[in-house]
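Everything on this sheet refers to the single structure shown next.
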Amino acid sequence: MRYTAPLLNHHADGTLCPTDHRHTTTGKPRHADCPGRVYSSARCTCGVWEMTHPFKGYVNECRKRHLASHPRPEGASALRALLRLT
Ligand SMILES: [Zn+2]
Ligand SMILES: [Zn+2]
């Protein structure tokens, strides 16, 4: 099973800031209905890990680190092949 942990952006009231809410490089919203991204969150489909943080880059980094901690199917079969050899 492959796990995913999509990165989500939120407004101050907790509602989702969808990807079509574009922001300028300084973080100012360009979308008329967008009050601005206040925090980001990510939740892994394994159901164990989730996090919320104001820095999008930080959430993204932790998300990738967490996903890397899950054993990959390819890795498991490589290990089985190794065990057969010994
Ligand atoms: Zn928004
Ligand atoms: Zn996970």
Side-chain angles (χ1 to χ4, degrees):
M1 166 161 188
R2 275 187 85 93
Y3 296 105
T4 55
L7 184 73
L8 299 171
N9 298 311
H10 302 269
H11 302 136
D13 61 0
T15 54
L16 201 69
C17 186
T19 43
D20 64 316
H21 279 190
R22 300 206 177 276
H23 302 86
T24 62
T25 45
T26 52
K28 286 199 177 129
R30 274 183 177 154
H31 197 282
D33 297 331
C34 187
R37 184 194 68 86
V38 174
Y39 65 95
S40 295
S41 74
R43 181 199 294 249
C44 184
T45 49
C46 70
V48 174
W49 181 89
E50 64 180 298
M51 79 171 291
T52 299
H53 198 274
F55 298 130
K56 187 179 177 176
Y58 181 66
V59 176
N60 198 30
E61 207 180 297
C62 294
R63 181 180 77 87
K64 282 192 233 164
R65 205 175 302 158
H66 171 78
L67 286 171
S69 74
H70 283 299
R72 288 156 196 233
E74 314 92 77
S77 58
L79 188 70
R80 270 198 298 273
L82 200 73
L83 289 170
R84 267 201 300 271
L85 285 171
T86 53

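Numbering of residues begins at 1 and proceeds along the displayed sequence. Counting convention: from 1, in listed order, for ligands and their atoms alike.
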Cys17 near the Zn ion (ligand 1): N/O/S under 2.8 Å = yes
task = Work out which heavy atom in Leu7 is nearest to a heavy atom in Val59; give both atom names and the distance.
result = CD1-CG1, 3.2 Å
remark   = For the Zn ion (ligand 1), the nearest N/O/S atom on His21 is atom ND1
ask   = Any idea which N/O/S atom from His66 gets closest to the Zn ion (ligand 2)?
value = NE2
ask   = Quick one: CZ on Arg2 to CG on Leu67, what's the gap to the nearest 0.5 Å?
value = 9.0 Å
request  = May I have the step-by-step check of side-chain contact (heavy atoms from CB on, under 4.5 Å) for His70 and Cys44, ending in yes or no?
outcome  = CA-CA 11 Å; His70 283 299; Cys44 184; 3.6 Å; yes
query = Which is it for Ser41 and Glu50 under the side-chain contact (heavy atoms from CB on, under 4.5 Å) test, yes or no, and what are the steps along the way?
reply = CA-CA 7 Å; Ser41 74; Glu50 64 180 298; over 6 Å; no
message = Quick check on the hydrophobic clustering: are Phe55 and Met51 connected, directly or via other members, by side-chain heavy-atom contacts under 4.5 Å?
response = yes
task = If you have a sec, read the angle at the Zn ion (ligand 1) from His11 atom NE2 over to Cys34 atom SG, to 10 degrees.
result = 110°
ask   = With the Zn ion (ligand 2) at the center, what angle do SG from Cys46 and SG from Cys44 span, rounded to 10 degrees?
value = 100°
